[in-house]
Amino acid sequence: REDMSPLGFDLMFQNVTGARDLFKLFQHWSNQRGGTDAVGIDFVVLKDGGIVLVCYEELESMLSFFCPQRYRIDLTPLVTFIVASKSFPRPSAALQSLVASGTLVNVDIGAYVASPGMNVSEGYRIPGLTLHKARIPVFLENAVDPDSPAGAMLRARASSLSDVPLPSRRSAPPAFPPPSDTFAERRVRMRRLFPISLAILSGSTAAVSVKESLLRQGYRAWQVWQAECNLITSKRRSLAVGQKEGGKRLFQVDMVEFLIDQPEMVGNTDLFDGVLVEENIREQITADARELLGRYNTATEGTMTTAEVQPALARLELLGEVDDQL
C-alpha cells in the first residue's frame, strides 16, 4: 500500500479462551523457530470460487529446529507436517478483495470474538493478540505445489469429497539412486567423517591382512572399511559419554551428530584394539547391510543372516564392483 501501513484481517473466535490458546501457540512457534515467519499461512483460491485459509508450521523453520544446517549434508529429514484449514465456500466481498491482487505483504492478523448468536458487529477485537506476517502467499488451486502444506490440504479435501481415499504423495518409496552416485557419495562422506581412522587402517599391516581375508569371502573393500570405522566410532563414543550410554544402539542421526560435533583427532590408538577381529568386522558388516537394506524397503532385512545380506545387496545393485576402493 502507498502509505506502507500493514494490511490486516482478524481470525474470528467464539470465545476468548480459544483465541488466547491459538495465539499462544503462534507465539511459541515464533519464539522457538526464528520469528513469526515460522507460522506458515497461505490462502488458496478454489476453482469453484471458494477460498481456504491454510495454517501450518513453516517447513524450513521446522527443519532448522529439528535438524540444524550443519547436519543437512549428511541427513535428509523426512518431514511430516500438520495442516489446519478454514474454508470459506461463499467468501465475502472483503475477503475476495483481500486476495484479489495475489500475495499479501506486511500483514497484521488479529483476534475477534463474537459469541454464538451474537451479531458479528457486536463482537470485539482482543487487544494484544496480533500476529505480523511479512508475506502471505495466495495460490490458485491449480497452481499449488502438491507436496506443499496447501497441497496436502487439497488432497485431504478431495479425499473427504470422494468415496475412495487418495494416496499420499509421499507414500511411494523413492527411486533407487544410480549405483555410481551411491558409491561416489559414500567415498566422499567416509573420507570427510573418518579421515584419521581410514589413514591408520590403510597403513596397518594387520588391517590390510584382515581386509584381504574378507575380500576372498565375497565382501567388498568399502564394507570392511565402513564396518571398522563404525566399530571405532562406537568405542570412541563410549569413552566420550560413558559405558552405560555408549552401549546403546546408535541410530543414524545420533551417529552423524556425534561425528560432526566431535570429529576425529589424532590420539588414542587403543580405539583400534579388538576392531581388527575378523568375526567382529563380519558382524558389523551384517548390521550395516541390514540398515542399508531397510532404507530400500526390504521387508525381511531385520532377520537376514550374514550369508543372505550380500546377495540381497547385489540384487539391488548396492554391492559395487569387487575392486571398488575408498
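Considering every non-hydrogen atom in both V309 and A289, the closest pair reads CB-CB, 3.8 Å. In this structure, F88 and P91 approach most closely via the heavy-atom pair O-CD, 3.2 Å. Counting all heavy atoms, side chain and backbone alike, S213 lies closest to E278 at OG-OE1, 2.9 Å. When every heavy atom of V83 is checked against every heavy atom of A152, the shortest pair comes out as CG2-CB, 4.4 Å. Taking each heavy atom of F183 and L319 in turn, the nearest pair found is CZ-C, 3.7 Å. Looking at every heavy atom in both residues, M190 comes nearest to L198 through O-CD1, 3.5 Å.
To the nearest 0.5 Å, the span separating OH on Y219 from CG on L313 amounts to 10.5 Å. The distance from the OG1 atom of T130 to the CZ atom of R125 is 8.5 Å, given to the nearest 0.5 Å. Atom CG of residue D10 and atom OH of residue Y124 lie 13.0 Å apart, to the nearest 0.5 angstrom. Rounding to the nearest 0.5 Å places CG of L231 at 7.0 Å from CD1 of I281. Between the CZ atom of R220 and the CG atom of L214 there is a distance of 12.5 Å, given to the nearest 0.5 Å. Interatomic distance, S30 OG to L131 CG, rounded to the nearest 0.5 Å: 6.0 Å.
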side-chain contact (heavy atoms from CB on, under 4.5 Å) between D42 and Y56: does it pass, once the steps are laid out? CA-CA 9 Å; D42 301 340; Y56 53 92; 3.0 Å; yes

I'd like to know whether E58 forms a side-chain contact (heavy atoms from CB on, under 4.5 Å) with E60, so could you lay out the CA-CA distance, the side-chain angles of the two residues, the decisive distance to 0.1 Å, and finally the verdict. CA-CA 6 Å; E58 196 277 323; E60 185 57 38; 3.5 Å; yes

Stepwise, does the side chain to side chain donor-acceptor pair (under 3.5 Å) test hold for Q217 with R282? CA-CA 10 Å; Q217 298 172 44; R282 200 162 30 238; 2.9 Å; yes

Derivation and outcome, side-chain contact (heavy atoms from CB on, under 4.5 Å), residues R236 and F258: CA-CA 10 Å; R236 189 160 67 89; F258 178 77; 3.7 Å; yes

Derivation and outcome, side-chain contact (heavy atoms from CB on, under 4.5 Å), residues L215 and K211: CA-CA 6 Å; L215 291 181; K211 183 193 74 171; 4.2 Å; yes

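There is no side-chain donor-acceptor pair under 3.5 Å between E228 and S197. Under 3.5 Å, the side chains of Q262 and R237 contain no donor-acceptor pair of N or O atoms. Side-chain N/O atoms of N280 and Q284 include no donor and acceptor closer than 3.5 Å.
Linking ILVMFWY residues whenever their side-chain heavy atoms come closer than 4.5 Å, directly or via other members, places L7 and L11 in the same cluster. One hydrophobic cluster, built from ILVMFWY side chains closer than 4.5 Å, holds both L140 and L98. Under the 4.5 Å side-chain heavy-atom criterion for ILVMFWY residues, no single connected hydrophobic cluster contains both V224 and V208. Tracing side-chain contacts under 4.5 Å through hydrophobic residues (I, L, V, M, F, W, Y), one never reaches V188 starting from L292; they form parts of separate clusters.
Two residues are said to be in side-chain contact when any heavy atoms from C-beta on lie closer than 4.5 Å; I136 and T103 fail this criterion. D288 is listed as a side-chain neighbour of N230, based on a closest heavy-atom distance under 4.5 Å. Considering only heavy atoms from C-beta on, I109 comes within 4.5 Å of I41 through its side chain. Residues Q226 and I285 are not in side-chain contact: their nearest non-hydrogen atoms beyond the backbone lie 4.5 Å or more apart. Side-chain atoms of L95 and S92, non-hydrogen and from C-beta on, do get closer than 4.5 Å to each other. Counting heavy atoms from C-beta outward, M153 and V52 have side chains that approach closer than 4.5 Å. Looking at heavy atoms from C-beta onward, T233 lies in side-chain contact with F194 at the 4.5 angstrom threshold. A 4.5 Å side-chain heavy-atom check between L53 and F9 finds at least one atom pair inside the cut-off.
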Please list every donor-acceptor pair under 3.5 Å in which a side-chain atom of residues 43-51 meets a protein atom from a residue at least two apart or in another chain.
| residue | atom | partner | partner atom | Å |
| --- | --- | --- | --- | --- |
| D48 | OD1 | G50 | N | 2.9 |

Under 3.5 Å donor-acceptor pairs involving side-chain atoms of residues 17-26, not counting sequence neighbours:
none

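Side-chain N or O atoms of Y112 include none that pairs as donor or acceptor with a backbone N or O of F13 at under 3.5 Å. Looking at S238, its side chain does come within 3.5 Å of a backbone N or O of S234 through a donor-acceptor pair. Side-chain atoms of R135 do not come within 3.5 Å of backbone N or O of L104 as any donor-acceptor pair. Side-chain N or O atoms of H132 include none that pairs as donor or acceptor with a backbone N or O of N106 at under 3.5 Å. For K133 (side chain) and V39 (main-chain N/O), a donor-acceptor pair under 3.5 Å exists by modelled atom type. Between the side chain of S148 and the backbone N or O of D145 there is at least one donor-acceptor pair closer than 3.5 Å.
Counting non-hydrogen atoms of other residues, nucleotides and ligands closer than 6.0 Å to CZ of R192 gives a total above 12. Within 6.0 Å of CD on Q32 lie more than 12 heavy atoms contributed by other residues, nucleotides or ligands.
At a threshold of 4.0 Å, the pair R189-E185 counts as salt-bridged, since one of the basic side-chain nitrogens sits closer than that to a carboxylate oxygen.
R186 forms a cation-pi arrangement with W222, by the criterion of a distance under 6.0 Å to the ring centre and an angle within 45° of the ring axis.
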